[in-house]
Amino acid sequence: MRSLLAAFLTLLLQAQDAFLVKPYLQLGDAPHAAPRERLDLLWHAEDHEATWVVEVRLQKAWVPQGAPAFLRLDAPPLPPHRIYRATLRNLPPGLRVPYRVVRNGAVVFEAEAQPRKAGAHRMVVFGDAADGSVGQAAIAKAVLDAHPDAVFIAGDLVYGRGRAAEYRDHFFPIYNSEAVPLMRTTPFLGVPGNHDVPFAKFPDAAAYFAYWSQPLNGPALKTGEPDAAPVLAGLHDAMVAASGPAFPRMASFSFDYGLVHWTVLDSNAYVDWEHPVMKAWLEADLRAAQRAPWRIVALHHPLFQSSRAHFDDQWMRPISPLLEKYRVDLVLAGHVHNYQRTAPLRFKPTQAGPRGKPVAGEFTVDEAFDGKQVTRAKGPIHIVSGAGGAELYDPWQTDAKASWQPSTRTFISDKHSFTVLEVEAKRLRLRQLDVDGRELDAITLTK
Ligand SMILES: [Fe+2]
């Protein structure tokens, strides 16, 4: 009995020592669904030699995966550490699969992974997330209880400056804890917001590029090009090195999940989506997705929104005609810390103003759509789901309809909330839930 207890304690100690950040799941560079799915598994460990093996349980046998590789991040204030990555392969689409991590011959971690589903699924979306607040933790718990197949964060992943030290302090411990074991079971996707890009003064800023693993099929930007996240030579070198091929390319990308094609855009102020290379990529991506039952564009800065806060940041409006032409169903954004939903709308820019002003133009609003009786939308619906943790903006506007823009149909800023998308081939249901799982808003779209 005593020796059993000693063995258990040894295992526990080994497990505790093994990780700085416990294993978490990412889609990896796998934009398209496949008959056998894959997922990337990442974890952070001390900068010491160790033998790591990842195994997946397939047909009652533990199958070793390819050897994990690592990149080293040496950017203060955290001590240098290793970001390990292994790819879980041959996963049956949709079926949860046990996996385990072995270090120096001892099993130090075990969980179940949810591979991408081929058809109907449930995706959770929220933005403006990890600020270390009570609201962030409450949303994380509520998201776990909503049982998503995957989670998408619509930017401002980590406050205040997207730094590695901030991920360590209040991102991973909230979304990947023993109590809220989300990221170890459920792939998280995301887009960088204005808080996630390189900041002067902080060598560990823009940790997004080093810590996330998402498709590398966005515009083929190179460091220093005008639409790439700007870095300072000498200051951000360690972060760029730890990012491998992800910097700066992983800022925009696209992927398929189930019946949805997602186009994910870096909407930060340094990107001009009117530049020919950027616009051509966006158009080609949407054109290639015309056979997908549903199309979603996700980005941080909303095209259309009613909050007084960040009202002038509606600079992404010029892409609206392309989204309409290629029949995008939903545009999901964050940045503004509340929940907003527009009517389906079409927009013709009449004046491409400078950054810092909403782009002027003509609106055609689908007044008939109500998401209940009338469920076929004429134009994309724009959602702001930025109430994912950070302090809410303009709560007074919740009940002040006169302060809303004419296309806004719902505005909720007195509660933290998140979006649940229940997707089927001909029907997409969008529900906005609060931290207690109560429904604040719901619409149905049909084809
Ligand atoms: Fe933001």
Side-chain angles (χ1 to χ4, degrees), residues 124-133 135-136 139-140 151-163 166-167 170-171 174-175 188-202 205-209 211-212 214 227-230 248 250-253 264-273 297-317 319 331-342 355-359 382-395 397 405 408 411-413 415-419 432:
V124 157
V125 180
F126 59 88
D128 305 271
D131 69 339
S133 66
Q136 178 206 354
I139 287 289
V151 171
F152 187 93
I153 306 187
D156 286 358
L157 310 160
V158 179
Y159 290 95
R161 292 287 182 261
R163 301 170 61 189
E166 292 164 342
Y167 272 89
H170 53 259
F171 184 84
I174 304 300
Y175 301 118
F188 269 45
L189 291 126
V191 63
N194 51 306
H195 285 261
D196 303 306
V197 294
F199 279 91
K201 292 201 290 200
F202 299 118
Y208 162 76
F209 294 96
Y211 285 173
W212 291 66
Q214 311 203 84
D227 297 303
M250 200 173 70
S252 300
F253 59 95
V264 180
L265 305 179
D266 180 2
S267 59
N268 277 298
Y270 54 78
V271 187
D272 185 353
W273 284 97
V297 166
L299 74 186
H300 182 60
H301 300 79
L303 279 63
F304 306 102
Q305 69 93 9
S306 282
S307 201
R308 293 289 160 84
H310 293 324
F311 189 80
D312 290 341
D313 294 355
Q314 301 177 64
W315 55 62
M316 289 297 289
R317 288 182 175 187
I319 68 168
V331 181
L332 305 175
H335 192 49
V336 182
H337 299 179
N338 46 45
Y339 169 68
Q340 298 180 47
R341 170 170 62 81
T342 70
R355 294 288 153 106
K357 287 275 172 243
V359 175
H382 294 259
I383 304 291
V384 173
S385 189
E391 194 177 345
L392 299 166
Y393 290 165
D394 302 312
Q397 285 188 264
Q405 297 299 299
T408 293
F411 185 116
I412 300 169
S413 195
K415 290 182 180 75
H416 283 106
S417 65
F418 62 100
T419 308
Q432 193 70 15

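As the structure lists them, so they are numbered: ligands from 1, and atoms in each ligand from 1.
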Any chance the side chains of Q214 and Y208 put a donor and an acceptor closer than 3.5 Å? yes
Closest approach of Q405 to S306 (non-hydrogen atoms, all atoms of both residues): N-OG, 2.6 Å
Between [X] and the Fe ion (ligand 1), is there a contact where an N/O/S atom of the residue lies under 2.8 Å from the metal?
{"X": "D156", "value": "yes"}
{"X": "H310", "value": "no"}
{"X": "H335", "value": "yes"}

For I319 and L303: C-alpha separation, side-chain torsions, deciding distance, then whether side-chain contact (heavy atoms from CB on, under 4.5 Å) applies. CA-CA 9 Å; I319 68 168; L303 279 63; 3.9 Å; yes
Using the side chain to side chain contact (heavy atoms under 4.5 Å, CB included) definition, which of the options D128, L265, D196, V264 pairs with H300? D128
